[in-house]
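Both counts, for ligands and for their atoms, begin at 1 and track the order of listing. The first residue in the sequence is number 1, and the count goes up from there.
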Amino acid sequence: MPDQAVSLRGLRKTFGSVEAVAGVDLDVADGEFFAMLGPSGSGKTTVLRMIAGFESPTEGVVELAGRDVTRLAPFERDVNTVFQDYALFPHMTVLQNVEYGLRVKRVAKAERRERAHDALRSVRLDGFDARRPAQLSGGQRQRVALARALVNRPRVLLLDEPLGALDLKLREEMQVELKAIQREVGITFLFVTHDQEEALTMSDRVAVFNHGRIEQVGTPAEIYERPATSFVAGFVGTSNLISGYAAPAVLGKEGTFSVRPEKLRVVLGDGEGAGPDEHEAAGTVSEVVYAGPATRFVVDLDAGGRLIALQQNLQVSSMDVLGLRGSRVRLVWHRRHEFAIADAPAPGIPREAAHS
Ligand code: ATP
């Protein structure tokens, strides 16, 4: 078994009558890039703060590298936190900001300089020493915050919504960048996000939080392709449930099943239907959303319920697809792409039609 950088055992935190964290067990291995993903209020930030030492647990244990640190102060723990607002000192230069932690620890000046320059190089900000935070872009400020934490060479870096303050394009660039930086420095990164795409893109593994508990821990592919619960299926992607009467009618079995939108083929008119290992469901297109590279079809099934199908626009233009509203179609998919959901909700339609 690899060494565990972080281990949480039976972690609980209540604020008055609010149970923010309701019993969390988790192991994060050394060198992992690990995401805590969940909606607002699901308790992930509180877990991060308990690992950092800014909150103390109501119950449970926090271990770092096998050592119980539950009662230790933040500065006694081998972790550093990068906050969402970066918390840079505006009156200091980039270099002074990065050196600050070492100065507090009374590291000699020459070593301080060298380590600060190393840290700035690792976030690709060499040459920016003399700038002040106000003279930097959002992405550059984010990197300074990262360098300021990396300079301490912590065993674990905690990141609270690290890309939350950046616009979409920069966020996508930084997702790739952050992953590359983590690979280079080899430090365990544990980050909090409510953005499923961010979690799937950057992480080695993801823990999905809901109501103060972890619903599933797995690799991005496991979480997406094999969600353990209906909550995970819906939060990470579009849930697309086949349940109630539709399950026996379409699949020949009882239960609740899910199939991802991009796994569905939309067949028009008398086009080729299901092959030997495929299932199909007939329905009517109730909505068509053209999104450039792909089109989203919302299909009301004859058997009850509704599925969303995502098709790449390989041969078609917006004019072709938008005219399909109201058309009769069949949705076809390979059986290996349908999976059973354990905690079946009441039979019905997926909670969102426009979101995927
Ligand atoms: P977000 O993404 O919005 O930060 P989160 O998943 O990180 O959400 P937490 O911030 O951990 O969730 O909050 C979990 C619950 O605990 C929420 O209901 C929140 O209101 C409550 N909570 C968090 N901190 C405190 C506090 N200091 N005092 C009282 N309640 C708190």
For R115 and D118, what are the C-alpha separation, side-chain angles and deciding distance, and is it a salt bridge (charged side-chain N to carboxylate O under 4.0 Å, His left out)? CA-CA 5 Å; R115 281 172 62 178; D118 278 353; over 6 Å; no

Using the ring of Y100 (Phe, Tyr or Trp, six-membered ring only), decide whether R148 places NZ or CZ under 6.0 Å from its centre and within 45 degrees of its axis. no

Atom 7 (O) of ligand 1 sits nearest the protein heavy atom T45 OG1, 2.4 Å

What is the closest protein heavy atom to atom 8 (O) of ligand 1, and at what distance does it sit? G41 N, 2.7 Å

Given R328 and T284, is the side chain to side chain donor-acceptor pair (under 3.5 Å) satisfied, shown in steps? CA-CA 5 Å; R328 295 286 302 157; T284 304; 3.0 Å; yes

Is E63 paired with R9 through a side-chain N to carboxylate O contact shorter than 4.0 Å? no

Starting from atom 16 (O) of ligand 1, what is the nearest protein heavy atom, named by residue and atom, and what distance separates them? A20 CB, 3.1 Å

Out of V21, V18, T46, who is nearest to atom 11 (O) of ligand 1 when you count heavy atoms only? T46

Distance flag for atom 22 (N) of ligand 1, protein heavy atom under 4.0 Å: yes

Is the closest N or O pair between K44 and ligand 1 shorter than 3.5 Å? yes

Would you say G43 touches ligand 1, if touching means a heavy atom closer than 4.0 Å? yes

Between R325 and E287, is the closest basic N to carboxylate O distance under 4.0 Å? yes

List every atom of ligand 1 that sits less than 4.0 Å from any heavy atom of P39, numbering the atoms from 1 in the order shown and giving each element. 6 (O)

So if I count the atoms of ligand 1 from 1 in the order they appear, which ones are less than 4.0 Å from some heavy atom of S40? 1 (P), 2 (O), 3 (O), 8 (O)

Between S7 and D27: side-chain donor-acceptor atoms closer than 3.5 Å: yes

Name the closest protein heavy atom to atom 28 (N) of ligand 1, giving the residue it belongs to and the distance to 0.1 Å. F15 CD2, 3.5 Å

Please check if any side-chain donor atom of D195 sits under 3.5 Å from a side-chain acceptor atom of T193, or the reverse. no

